[in-house]
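Read through the structure below, which is laid out as structure tokens, and then see the notes.
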Amino acid sequence: MIATVWRVAGVGFSLLILLFAALLYGATPDQYAFMNSQVGDLTIGFAVRTDDLTVLLLAVVGVIATCVQVYSLGYLHQRAASYHALVTLFTAAMVTVVISDSLFFLLIGWEVMGACSYLLIGHYWERRDARSGAVKAFLMTRFADVGFLFGIFVLGLGAHTFRISEIDPARISPGVLTTGTLLLLVGVVGKSAQVPLQTWLPDAMPGPSPVSALIHAATMVAAGVFLIARLYTVFSASGTTLTVLAIVACVTMLFAALCASAAVEVKRVLAWSTVSQLAIMFSALSLGTADGRHAALFHLATHAAFKGLLFLCAGVLLHQVGSAALVVLRRYTRRGKLRKALQVTFLTMTVGLAALAGVPGFAGFFSKDTVIEAAWEKARDGSGLGWLVLVSVCLTAALTTFYCLRLWLWTFFRTPALAGGIGAFEDGDAAADLDEPDSSKLRDAPWVMLAPLVLLAVAAIALGYADGVHLNWMIGLISTALVLLGALPAYSLWRRGADPRPLLLEREFGADPAYHGLVVVPVRWLAKLTVAGDRDVIGAYVRAVGRTGTLASQGFRRLQTGNVQTYLTAAVIGVVALAVLAGVIGS
Amino acid sequence: MGGPVTLTWTDWQAIAVPLVLALGAVAVLLVDSFWKSASAELRHTVVTLLTSVVILFGLVFVWARRDDFMPAFCRPAVEGPAQCSLVFEPLTAGLWAVLLIGGLGVVGLSAYRLLAADVPIGEYHFLLLSALTGATVLAGARDLATLVIALEVVSLPSFAMVALRRDRRGSEGAMKAFLVSVLSTAVMLFGISYLYGVTGSLYLSTIANRLNGLDPDLARVAFAAGLFVIVGFGFKIAAVPFHAWLPDTYVGAPIEVTTFLAVVSKSAGVAGLLVLVTSGIAPDGSQLRTVIAILAAVTMTVGNLAALRQVEAVRLLAWSSIGQVGFLLAPLAVDNAQAVVGYLAAYVVVTLGAFGAVAVVQRHRPAGLLTDYRGMVRSEPGLAASLIFFLVVLAGLPPGLAGLFTKFAAFQAVIDGHLGWLAIVMALNVMIGLAVYLRWIAELFRLPADAPFSVDIETPAVTMISLCTAVAAVLSVLPSIMFALAT
Amino acid sequence: MNAVLLAILVLPLLAAGALWSIPAAIGDRLAAAYGSVISGLVLIGSVLLWPQNGGWFAYGPQDLPETQIDVAWIPSLGVRFHLGVDSISVPLIVLTALLTFLCCLYSLKITPRIGRTRSLIALLLVIETGVIGTFSALDLVLFFVCFEIVLIPMWLVIDIWGDHHDAAGRKRAANTFVLMTVFGSALMLLGFLLVQRVAGTLDIVELTSSPVAGGHGIPLVAALLIAIGLAVKVPLWPLHIWLPDAHAKAPTVGSVLLAGVLLKLGTYGMIRILVPVLPDATATIAPYLGAFSTVAIVAGSLACLAQTDVKRLIAYSSVGHMGFIGLGISTLSPAGLRGALFANIAHGLITGLLFFLAGAIKDRHDTSDLRTIGRALYARLPRIAALLTFACLASLGLPGLAGFWGEMLVLLGAYNPAPWLPRTTFLVFMVIAGLGTVLTAAYFLRLVRNLCQGDPAENPPAAFAVDLSRIELVTWAPLITLTVLLGLWPGLLLQQWVAL
Amino acid sequence: MTTALFSVAGAVAVVAAVVVVVSRRIVHAALWLVLALGAVAGCFGALQAEFVALVQILVYVGAIVVLVLFALMLTKAPMKPLPELTTGRSPFAAGVAAVLALILGAGVVFAFGNEKIKPVTDGSAKTVGTQIFKNWVLPFEVLSVLLLAALIGAIALSQRKKED
Amino acid sequence: MPLVLPLLLAVVLFCIGVYGVLARRNVITMLMSFELMLNAVNLNLVAFDAWRVDEATGQTLAIFVITLAAAEIGLGLAIVLLLFRGHGHVDADAARDLEEAS
């Protein structure tokens with residue numbers, strides 16, 4: 001009953017967002033502040049605004065949220081009430097971020113998203129990996145949010161307002177501006193899982209797939225991109241921040257793409273690819289040009305479509321097959337069982353992967369090209385930053401194609417070199433491949449799940465043309481070449497049944513153990529130390545005081561021997577002592 | 001010199017109260033001795049009433065003349081202020097009120113249990129009134145001869161009272177108190193002899209006058225002399241390290257007499273010391289004040305600490321009364337009569353009440369252990385509530401605002417007197433003291449192993465304890481009454 | 001309004017007296033109902049007191065608090081019976097009245113196993129009087145007196161109704177609590193007396209309008225003594241050692257009042273007395289206060305990470321949260337002080353709720369040890385577990401819930417402290433405190449993970465474990481509502497403190 | 001002359017006093033006390049305080065020591081030497097007393113070392129009596145209360161209990 | 001006559017008395033020692049009186065002290081007899097019924 005209410009409310013709410021996006025489309029930008037309170041000479045309160053960016057993001061959020069909510073109707077069977085409620089809250093939080101004109105209002109949405117993601121990732125709290133993934137996600141983003149909060153302080157006090165629309169970079173001293181934006185950047189890096197705070201996102205995969213779709217496509221991680229776009233005037237006024245952003249983005253996109261190439265689980269591949277794609281958006285933003293911003297937002301929109309689609313597809317795999325691990329899926333590839341049984345899923349996933357890989361004609365192709373073009377524009381002006389971004393994005397494009405094709409082939413197709421293929425994922429367990437699961441009941445998901453797939457697949461193609469096609473042929477050619485460059489090794493490796501996964505990549509550059517050793521372990525030690533200190537140092541003093549009192553008391557009891565002459569002696573000694581004291585004081 | 005030896009009307013008025021008390025003492029003795037025909041109960045009642053009337057007269061007199069200033073037994077001054085043996089002034093009125101109320105309380109407490117304890121009624125009340133006579137004279141005395149003799153008049157009858165049950169414990173307690181007291185008298189007299197030698201006078205005002213501007217060698221002797229006098233009083237009020245007789249004597253004496261010692265005898269000692277200090281023996285800046293302050297600090301600390309692990313109610317009260325004396329000495333060290341008298345007032349009322357409650361319990365549970373009080377909040381809620389209230393006042397915590405404000409006044413006096421270190425020691429002792437009383441209070445709430453204490457409490461006891469509770473409650477709500485006593 | 005103020009002060013006291021004097025035969029339910037009615041009336045009265053235009057620290061001849069009662073009490077000692085409320089005190093009074101009311105309401109159905117509910121209710125009412133008195137006292141001695149009123153009742157509550165498994169432990173906890181507090185308050189009294197010696201008055205209004213100048217010498221000593229006395233109550237690290245035991249051993253309602261209300265006495269005292277009366281001396285000690293507060297934030301959080309007892313954990317979390325409040329006060333800035341005031345209220349609501357929840361869990365499992373309770377509470381007690389998660393999120397300072405605004409303002413204050421304070425020092429405090437919020441999140445998530453989540457198969461439900469009962473829902477609903485309301489609309493309180 | 005007389009009497013007093021506190025025979029101690037007190041009375045005489053000297057002999061030697069002797073008899077004090085009459089702490093007690101004597105003696109010598117007493121006779125019974133009844137009436141009266149109280153107290157304590 | 005002579009004698013007597021009080025077991029001998037101390041007081045008073053040459057104040061007080069001593073010794077001996085009746089001896093350090101050391 002309650003679950004039904006929340007289901008309806010969830011779908012209704014996301015449709016409402018869409019409705020608002022439609023209504024606001026083309027409307028003049030406007031702002032409205034409310035519930036302000038004065039703290040000293042500062043105003044702390046809430047404000048909302050509407051402009052193009054808001055509408056764009058509202059549309060993206062609305063579409064993805066609708067798809068996710070509808071999809072979840074078929075996907076989720078247990079604890080639906082809390083799930084739908086949280087997804088709705090999650091969406092609402094993102095909407096808050098999007099429409100906010102007050103940094104604090106934005107922060108509310110920003111962190112509520114973190115909390116919702118924590119709760120949703122931990123939806124299957126019976127599972128250990130879900131529990132730890134959820135905690136990790138929350139703590140890392142929370143850590144970053146501290147920087148974000150400080151950034152708000154610095155910028156807000158520097159500009160003497162916490163209203164985004166009133167922050168004028170020209171009136172803020174450069175040092176404050178740089179500090180503020182860098183601190184904000186920390187929050188962005190955490191939220192969008194950029195290096196060095198990237199490890200939480202792949203670990204967040206045990207959450208329900210629709211939630212992953214939501215997080216990766218429209219909310220949470222996209223919020224970082226949105227924020228920089230929202231505060232673009234401020235960010236672009238600080239060269240240092242942009243440089244840092246560019247470096248972070250470039251490192252991240254390659255890092256994540258490499259990690260994705262070695263991941264053996266569909267969702268993990270997709271997660272790393274999200275990190276990588278976000279980095280591409282950030283790199284575009286880091287150019288500091290209007291073109292860059294436009295490219296980033298364009299890529300954000302297309303990415304939302306195809307990444308949402310991909311995660312929902314992975315969800316179907318999980319829902320229908322029971323797992324999205326390549327090793328499991330491999331067992332269903334004999335005689336093309338998987339792609340035949342899950343035909344719609346196969347097709348839509350193909351579209352999604354193509355879009356992600358940047359196959360010409362798909363949305364990803366166009367949006368990525370816009371980024372490359374923006375970088376080229378910048379690089380042409382002799383900017384090292386531009387060159388950095390350009391080269392990184394190109395390399396990433398090739399890598400992206402590599403892991404997309406690898407994923408596609410290894411998921412749906414049986415490698416011709418059977419024996420080698422077995423070894424690729426199953427650590428030499430040759431028997432595993434022979435043990436074919438009962439796939440007779442394998443069939444495609446219900447339509448309530450497939451409909452969003454189809455919708456998003458259409459979007460993943462169509463969105464590329466939404467911006468009006470103004471393709472630079474040169475760049476188009478280059479990126480096509482890059483696609484091929486990435487596709488060929490993937491194919492040939494698959495042909496040979498080989499899936500080389502260097503240890504470094506498989507372990508994701510050892511970031512997780514490093515953090516564990518550098519942060520978690522010391523904190524645990526400190527915690528034990530604190531407790532021991534409370535017990536054995538501070539507490540010991542308190543206990544010692546008590547014990548001293550007791551001992552002294554017992555001592556006085558013992559002195560009370562009942563012998564009056566002892567009493568008299570003590571008294572006379574007291575007199576003598578006081579007399580001596582008198583002599584000392586008197587002389 | 002010269003002129004006839006006469007007592008003026010003022011002299012008579014000023015000594016009216018001690019005189020009536022002394023005459024009352026004799027009258028009580030006579031009534032008891034020569035009315036053998038009456039039954040013991042009847043004689044007891046009559047004697048009690050007579051004693052009460054005498055004390056009540058004193059109270060009425062004090063109330064009527066509370067604002068007067070009556071110097072008595074004066075002689076023309078050779079130099080400086082007039083030399084008088086006794087002065088009745090507001091401070092005296094306050095001290096007398098405290099002493100007389102204490103005495104009345106003890107009489108009330110004695111009203112219901114004494115006969116059973118083999119104590120001769122007439123002698124008991126005679127000694128009580130004699131001691132009260134001494135106490136009142138002591139509080140008004142302004143020369144050293146009167147002071148020391150009055151102190152003896154307080155002490156000697158008290159020791160007789162301690163032993164009045166004429167048993168092993170009583171005689172041992174009396175012996176200890178007596179020996180310590182005699183030593184203290186000797187020490188004090190020795191000091192007085194030096195004070196006389198240095199200043200050539202026994203009148204406090206003259207002594208105070210002449211103490212200024214002594215040459216250093218004489219000043220040193222004067223200091224030692226003053227020290228000896230203070231030490232003498234230290235014995236009487238059981239300041240540490242002259243305290244050790246007190247717990248033994250308290251335990252050895254009949255509980256009424258213990259109450260008397262804790263209330264009247266101790267107040268008299270404090271009053272005497274207060275007289276000494278206020279009359280200028282230890283002027284501001286004198287090292288004697290430092291000595292008193294040191295005594296205060298040591299006394300309260302040792303008293304409270306020793307009380308911490310006591311298992312008998314009376315012994316706990318004995319040690320805690322030592323701690324309370326420390327708190328009394330603190331404002332004394334800075335010559336703040338108002339705080340001392342206020343503190344004394346609250347202390348007297350509450351100690352009376354607490355001993356009353358203990359008397360009730362000990363009558364039926366002679367062991368007098370703290371564990372006997374278990375479960376009393378259930379079985380005897382009224383008595384338990386009163387006892388808790390008294391203890392809380394002694395600890396100085398709400399709802400015992402009387403105790404809190406008197407402690408506050410003591411703190412205020414000490415802070416105003418620039419004795420920061422003493423204030424810190426006092427703060428520490430508030431904590432230790434609270435620990436002491438909480439232990440007892442906790443026992444009241446604990447569940448007993450066997451049947452909890454429950455009896456039909458005798459009417460006089462109920463009256464006495466209720467009165468003490470009521471007075472303490474009134475003092476808690478209107479603490480200004482206490483502080484008005486000395487002004 | 002004066003009548004209302006006096007009424008909410010006297011009513012609980014008289015009611016407690018009446019409750020004690022009626023025969024013991026009165027049923028527990030009836031006693032609790034009686035307590036609920038009385039404390040409900042007090043709650044209504046306290047809401048009525050809500051000031052129309054707040055003013056604070058600005059007491060001058062023309063600028064007195066709206067509601068005040070001022071009569072002489074002990075003229076010879078300079079003590080007045082001076083009560084008054086303004087926008088600083090009223091929210092705290094309302095919080096007190098609310099929590100007491102909820103505790104009484106809760107006792108209608110759920111009482112400690114020891115029984116004697118009648119006395120428990122009476123003591124709660126006495127505590128209410130003491131706390132409201134402290135919050136409305138405008139005389140230093142009256143403040144001190146009311147500060148002390150609470151002690152004995154709370155001591156009894158812990159000592160009698162505390163953890164029934166551990167008689168020695170609850171006795172020790174109660175004694176440590178009361179003795180440390182008394183020592184602290186005695187020192188505080190010394191500070192008050194020093195103030196009186198310098199300024200010649202004990203009246204807070206007078207002292208606020210003409211503060212004691214000078215940042216060294218006697219004012220400094222006075223400020224130190226007052227600060228130490230209040231810090232014991234707050235409690236500030238390293239004087240916090242009484243707190244975990246007291247909270248852990250106290251019965252549910254005791255913990256709720258202890259954490260929700262009593263801790264606020266210390267911080268309120270700092271804001272009401274330390275800051276306005278001794279401004280220069282406070283500025284001298286502010287960096288040290290800030291440092292200890294910051295250590296408290298980190299140490300409290302770290303200690304939480306290693307706790308295995310749910311009540312102890314929540315108790316330690318209070319150390320951290322109160323550290324934030326202390327830091328806010330030490331910044332002496334508008335934002336910091338408001339943050340401290342806000343956090344006071346928020347902490348009262350949230351930690352009250354947390355202790356209610358911990359009590360509920362403890363009642364159902366007869367232990368508060370995490371390892372014994374087991375995991376997967378989401379499966380066994382889904383609603384309570386969900387509320388616990390909510391409360392944890394609120395407590396870790398999630399924006400949108402009440403816990404956030406106070407801590408945010410405190411950090412803002414630390415970023416921008418009063419101009420006469422060393423800014424760099426406070427920036428360091430801000431950064432450490434900010435990292436402390438991460439630690440806060442860490443231990444709350446650890447709590448949720450170890451308690452609520454987990455494999456239900458391995459954690460069989462306890463016998464008689466009933467999920468959220470009606471009385472619990474009714475009792476907690478106001479706290480939850482207010483937590484959300486204040487989180488979304490901080491102006492509700494912040495607007496009260498406009499003038500400075 | 002007076003100085004010599006005083007010195008002799010003082011020496012006797014000191015010797016007798018020492019014997020009082022160290023003697024092992026308790027009755028001897030009491031008798032030595034008589035000598036000590038008498039010697040002190042001699043000192044008073046040397047200081048021209050005749051009345052005090054007379055009262056000293058009258059009250060102390062005449063009354064108090066007799067009382068003490070009675071008490072000794074009543075408590076069955078043996079005539080033979082008793083080694084346990086002095087406690088084991090006596091060296092310690094002697095040390096305490098010696099320190100006290102040193103301090104007090106030094107103080108007295110420093111303060112009054114150069115002072116001389118001029119021999120003036122004012123110690124007659126008349127002078128003292130006038131003083132008592134003119135200037136010290138109150139202490140005198142209070143003293144009478146003390147004597148009465150002590151007397152009654154002593155009697156009350158000496159009475160046997162009724163059932164005895 | 002030098003003033004210090006009687007004063008020193010008084011000091012010596014007083015300290016002998018102190019020694020006696022502390023060292024003597026028998027309560028009666030302790031009382032005797034007290035008498036020595038009181039005599040020292042009187043010696044002081046009389047000596048100062050002679051030195052001061054005033055109105056015999058010192059001697060008056062000395063008379064009072066002698067009377068006081070008489071009263072004390074009277075009551076004291078009564079207590080001693082009572083003690084003897086209860087305990088069978090008059091040793092001060094053996095009457096220890098009321099000790100609290102355990």
Side-chain angles (χ1 to χ4, degrees), chain B residues 1 78 143-146 148-149 152-153 155-157 159-160 162-164 166-179 181-183 185-203 221 245 247-252 306 309-312 315 318-319, chain E residues 3 7 10-11 14 17-18 21-22 27 30-31 33-49 51-55 57-58 60-62 64-65 67-69 71-76 78-88 90 92 95-100 102:
Chain B
M1 285 191 111
V78 183
D143 75 66
L144 286 171
T146 312
V148 73
I149 293 169
E152 285 305 298
V153 179
S155 306
L156 292 185
F159 307 144
V162 170
L164 214 49
R166 289 161 291 176
D167 60 352
R168 258 175 90 99
R169 290 167 69 84
S171 58
E172 185 184 328
M175 183 267 286
K176 286 174 179 171
F178 177 77
L179 289 180
S181 165
V182 173
L183 179 69
T185 310
V187 169
M188 193 186 336
L189 281 169
F190 203 62
I192 287 175
S193 70
Y194 280 132
L195 265 187
Y196 168 67
V198 170
T199 60
S201 175
L202 290 176
Y203 290 100
V221 173
W245 61 276
D248 292 2
T249 304
Y250 274 26
V251 173
R309 308 298 301 173
Q310 297 298 334
V311 289
E312 288 172 49
R315 233 178 236 285
W319 281 108
Chain E
L3 177 58
L7 294 190
V11 167
F14 187 79
V18 167
V21 169
L22 299 188
V27 181
M30 288 170 79
L31 288 177
S33 310
F34 285 127
E35 297 310 323
L36 290 177
M37 291 168 77
L38 290 178
N39 266 279
V41 172
N42 281 350
L43 211 47
N44 262 354
L45 288 172
V46 171
F48 281 127
D49 190 294
W51 175 55
R52 286 263 164 202
V53 200
D54 67 353
E55 308 162 315
T57 310
T60 314
L61 188 53
F64 287 162
V65 170
T67 323
L68 204 98
E72 272 183 355
I73 212 91
L75 187 69
I79 293 175
V80 167
L81 291 180
L82 199 58
L83 188 75
F84 182 74
R85 242 192 286 162
H87 287 74
V90 285
R96 289 161 75 159
D97 281 7
L98 304 172
E99 66 176 332
E100 67 183 59
S102 44

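Lettering of chains follows the sequences in order, A, B, ..., and the numbering in each one begins at 1.
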What option among [options] has the most heavy-atom pairs under 4.5 Å with chain E?
options	answer
B/Leu156, B/Val182, B/Val198	B/Val182
B/Gly200, B/Ala163, B/Pro247	B/Gly200
B/Leu179, B/Leu202, B/Val251	B/Leu179
B/Gly170, B/Ser201, B/Ala174	B/Ala174

(message) Within the 4.5 Å heavy-atom criterion, are E/Leu61 and B/Ile192 side-chain neighbours or not?
(response)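 Contact flag for E/Leu61/B/Ile192 side chains = yes.
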Specify the closest pair of heavy atoms between [X] and [Y], including all atoms of both residues, with the distance to one decimal.
X	Y	result
E/Val11	B/Tyr194	CG2-OH, 3.3 Å
B/Phe178	E/Gly76	CZ-CA, 3.2 Å
E/Ile79	B/Phe159	CD1-CB, 4.2 Å
B/Ala145	E/Phe64	CB-CD1, 4.3 Å

(message) Which atoms of E/Leu31 are under 4.5 Å from chain B, going by heavy atoms: the side chain, the backbone, both sets, or neither?
(response) side chain
(request) Identify which part of E/Leu68 has an atom lying under 4.5 Å from any heavy atom of chain B, answering side chain, backbone, both or neither. (result) side chain
Calculate, to the nearest 0.5 Å, the distance between atoms [atom1] and [atom2] belonging to [X] and [Y] respectively.
X	Y	atom1	atom2	answer
B/Lys176	E/Leu83	NZ	CG	9.5 Å
B/Ser193	E/Asp49	OG	CG	12.0 Å
B/Thr199	E/Phe48	OG1	CZ	9.5 Å
E/Glu72	B/Thr185	CD	OG1	4.5 Å
E/Met37	B/Leu183	CE	CG	4.5 Å
E/Leu75	B/Glu152	CG	CD	10.0 Å

Determine yes or no for a side-chain-to-main-chain donor-acceptor pair under 3.5 angstrom, with [X] supplying the side chain and [Y] the backbone.
X	Y	result
E/Arg52	B/Gly197	yes
B/Tyr196	E/Leu45	no
E/Arg85	B/Ser171	no

(request) Report the C-alpha separation of B/Val187 and E/Phe14 in whole Å, then their side-chain angles, then the decisive distance to 0.1 Å, and conclude whether the side chain to side chain contact (heavy atoms under 4.5 Å, CB included) test is met. (result) CA-CA 9 Å; B/Val187 169; E/Phe14 187 79; 4.1 Å; yes
(message) Can you tell me which portion of B/Glu312 sits under 4.5 Å from chain E's heavy atoms? Options are side chain, backbone, both or neither.
(response)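 Neither part.
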(message) For chain B, which candidate among E/Val21, E/Leu82, E/Thr60 shows the most heavy-atom pairs at distances under 4.5 Å?
(response)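 Greatest number of close heavy-atom pairs with chain B: E/Leu82.
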